Amino acid sequence: MSVKQPTIRQLQLVQALARYQSLSVVAEKLFISQPSVSIQLKNLSDLLGLPVYQMRGRVVELTDAGQAVLRSANQIFQSLDNLKTDIDNLQGVVTGTLTIAVVTTAQYFLPLLLAAFTQRHPQVEVKLEIGNRDTVHARLRDNSDDFYLFSQIPTGVEVLESPFLTNELVVVAPERHELAQQENISLARLSHYSFILREAGSGTREAAINLFNFHGFKLNEKMTIASSEAIKQAVSAGLGLSILSRYSVDFGLVPGIKILPVEHFPIKNKWRLVQRSSRKPSLTAKAFQQFMLDNGAKILAKAKKDITSASSVLP
């Protein structure tokens with residue numbers, strides 16, 4: 001590699017390319033021409049002596065060299081953010097950028113917590129990425145963010161975790177389903193009904209299948225949908241039963257569905273704030289972590305109580 005160093009612009013381009021996987025979209029998002037993007041990335045490849053990206057059909061993918069640049073870029077920009085945050089905190093103000101990547105189920109409750117946090121610290125900028133489990137795993141491996149939210153800790157990466165919230169998985173059915181008026185429903189009975197499940201790799205799916213298998217039953221999968229919101233709509237339409245996080249039901253209510261009283265349910269685990277052990281947390285990240293540990297459960301309990309009270313007075 002040359003003694004010359006990559007420029008800040010080149011590092012920004014690699015970050016954007018990892019995110020958008022398209023040269024034209026990168027150009028649009030960074031407000032520069034597509035030829036300029038190509039030239040800058042070629043210059044970076046020449047500097048490294050290896051290409052930083054390759055084409056796979058119409059999709060642009062980072063090479064191993066590009067991934068190495070991405071990791072360094074993330075660390076460099078994190079250090080710059082930390083510098084600004086350190087200066088601001090010396091002045092007595094919590095500020096800076098907080099980056100979080102979460103699996104889709106967390107989208108139902110995390111905005112409530114972020115709203116409360118930013119109300120307390122209005123000068124903090126939050127960047128939130130929502131994706132499926134594989135997408136968030138990839139961001140964790142690349143050390144792209146301050147925090148990740150998981151209910152099941154991924155393997156193969158050294159992390160620090162902070163459990164802060166109970167996650168309950170419940171069985172839901174159409175409100176006019178024949179089981180909707182039953183009490184103490186057994187797994188044996190439930191195994192005869194069709195289920196709509198999340199995609200392979202989903203923590204909710206794995207927990208549900210493992211529970212049925214442990215007790216000697218098979219979960220009868222009729223349909224796979226990679227969206228809790230779409231699953232709720234499908235359940236409401238009568239296409240089957242499902243197993244979802246209670247938060248997706250409580251804070252993303254869809255008319256026409258009901259939680260069933262099933263033995264061994266709810267399945268309980270924890271939502272965890274996860275961070276790479278190699279990442280030095282900024283003061284902003286530390287403030288957010290402490291806020292979540294101290295206030296997360298209380299904020300959501302109050303929000304659930306407010307929703308229940310509002311529902312009870314509706315005509």
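Just the heavy atoms: all of them, side chains too, but no hydrogens, waters or symmetry mates, feed the values below. No experiment lies behind these values; they were computed from the predicted model shown.
The main-chain N or O of Val170 is never found under 3.5 Å from a side-chain atom of Arg246 such that the two would form a donor-acceptor pair. A side-chain donor-acceptor contact under 3.5 Å links Ser277 to the backbone of Glu158. Put simply, the side chain of Arg198 never gets that close to the backbone of Arg205: no donor and acceptor are under 3.5 Å apart. The main-chain N or O of Lys232 is never found under 3.5 Å from a side-chain atom of Ser236 such that the two would form a donor-acceptor pair. Within the 3.5 Å criterion, the main-chain N or O of Thr104 finds a donor-acceptor partner in the side chain of Gln107. A donor-acceptor pair is defined here as one N or O able to donate and one able to accept, closer than 3.5 Å; such a pair exists between the side chain of Ser45 and the backbone of Val52. Distance alone, capped at 3.5 Å, places no donor-acceptor pair between the Ser191 side chain and the Lys218 backbone.
Across every non-hydrogen atom of Ser38 and Leu23, the tightest pair is OG-CD1, 4.0 Å. Heavy atoms only, all atoms of each residue included: Leu47 and Pro6 are closest at CD2-N, 3.5 Å. Closest approach of Ser282 and Gln78 over heavy atoms only: CB-NE2, 4.0 Å. Looking at every heavy atom in both residues, Arg272 comes nearest to Glu161 through NE-OE1, 2.6 Å. In terms of heavy atoms, Gly203 sits closest to Arg133 at N-CD, 4.1 Å. Minimum interatomic distance between Asp142 and Gln67 (heavy atoms only, all atoms of both residues): OD1-OE1, 3.4 Å.
Between Tyr148 and His137, the distance separating the two ring centers is not shorter than 6.0 angstrom. Checked against a 6.0 Å centroid threshold, the rings of His264 and Phe214 do not count as neighbours.
Under the 4.5 Å side-chain heavy-atom criterion for ILVMFWY residues, a single connected hydrophobic cluster contains both Ile299 and Val126. If you chain together hydrophobic residues whose side chains sit under 4.5 Å apart, Val274 and Met292 fall into the same group. Following chains of ILVMFWY side-chain contacts shorter than 4.5 Å, one cannot reach Val235 starting from Leu169, and the two form parts of different hydrophobic clusters. Leu283 and Leu160 fall into different hydrophobic clusters, defined by Ile, Leu, Val, Met, Phe, Trp and Tyr side-chain heavy atoms under 4.5 Å apart, directly or through other members. Using a 4.5 Å cut-off between side-chain heavy atoms of Ile, Leu, Val, Met, Phe, Trp and Tyr, with links allowed through other members, Val69 and Val60 fall into the same hydrophobic cluster.
Alongside Val59, the hydrophobic cluster contains no other residue (criterion: ILVMFWY side chains under 4.5 Å).
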- Before giving the answer on side-chain contact (heavy atoms from CB on, under 4.5 Å), spell out for Asn74 and Gln15 the whole-Å C-alpha distance, their side-chain angles and the decisive distance to 0.1 Å. CA-CA 8 Å; Asn74 289 338; Gln15 282 189 321; 2.8 Å; yes

- Task: Could you give me the CA-CA distance, side-chain angles and deciding distance for Val103 and Trp271, then say whether side-chain contact (heavy atoms from CB on, under 4.5 Å) is met?
- Result: CA-CA 11 Å; Val103 292; Trp271 280 109; 3.8 Å; yes

- Message: side-chain contact (heavy atoms from CB on, under 4.5 Å), that's the test. Do Glu28 and Tyr20 meet it? Break it down for me.
- Response: CA-CA 10 Å; Glu28 177 185 347; Tyr20 300 115; over 6 Å; no

- Could you go step by step and tell me if Ile32 and Val37 meet the side-chain contact (heavy atoms from CB on, under 4.5 Å) rule? CA-CA 7 Å; Ile32 58 178; Val37 172; 3.5 Å; yes

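Note that the CG atom of Leu30 and the CG atom of Leu13 stand 6.0 Å from one another [nearest 0.5 Å]. The distance from the NE2 atom of His215 to the OG atom of Ser186 is 11.5 Å, given to the nearest 0.5 Å. Rounded to the nearest 0.5 angstrom, Thr63 OG1 and Leu70 CG are separated by 11.0 Å. Remark: Ser245 OG to Ile267 CD1 distance equals 11.0 Å, nearest 0.5 Å. Taking OG of Ser242 as the reference point, atom NZ of Lys222 lies at 12.5 Å (rounded to 0.5 Å). Lys4 NZ to Leu44 CG: the interatomic distance, rounded to the nearest 0.5 Å, is 11.0 Å.
Looking at Leu113 and Leu300, their side chains come closer than 4.5 Å, going by heavy atoms from C-beta outward. Put simply, the side chain of Gln275 reaches to within 4.5 Å of the side chain of Pro281, judged on heavy atoms. Contact check for Phe77 versus Gln12: side-chain heavy atoms found under the 4.5 Å cut-off. Side chains of Leu128 and Leu98 form no contact here, defined as non-hydrogen atoms less than 4.5 Å apart. The side-chain heavy atoms of Asp250 and Tyr108, taken from C-beta on, include no pair separated by under 4.5 Å. You'll find the side chain of Phe109 reaches within 4.5 Å of the side chain of Leu149, heavy atoms only. Between Phe150 and Asn167 there is no side-chain heavy-atom pair separated by less than 4.5 Å. Within the 4.5 Å cutoff, the side chain of Leu41 has heavy atoms near those of the Tyr53 side chain.
Note on ring orientation: taking the six-membered ring where Trp is involved, the planes of Phe212 and Phe195 are perpendicular (angle over 60°, cut-offs 30° and 60°).
Paired with Phe117 under the rule side chain to side chain contact (heavy atoms under 4.5 Å, CB included), one option of Gln119, Arg120, His121 passes, and it is His121. Only one option out of Leu179, Leu190, Leu187 pairs with Val171 in a side chain to side chain contact (heavy atoms under 4.5 Å, CB included); it is Leu190. In summary, of the residues considered (Lys127, Arg139, Arg19), a salt bridge (Lys or Arg N to Asp or Glu O under 4.0 Å) with Asp145 occurs for Arg139 alone.
For the 3.5 Å distance criterion, the side chains of Lys270 and Thr166 qualify, holding a donor opposite an acceptor. Checked by atom type, the side-chain pair Gln40/Arg9 shows no donor-acceptor distance below 3.5 Å.
Contacts of Glu175 classified as salt bridge (charged side-chain N to carboxylate O under 4.0 Å, His left out), with partners at least two apart in sequence or in another chain: none. With sequence neighbours excluded, the residues satisfying salt bridge (charged side-chain N to carboxylate O under 4.0 Å, His left out) with Glu61 are Arg56.
By the neighbour-count criterion of 12 heavy atoms within 6.0 Å, atom CD of Glu178 is densely surrounded, having more than that number from other residues, nucleotides or ligands.
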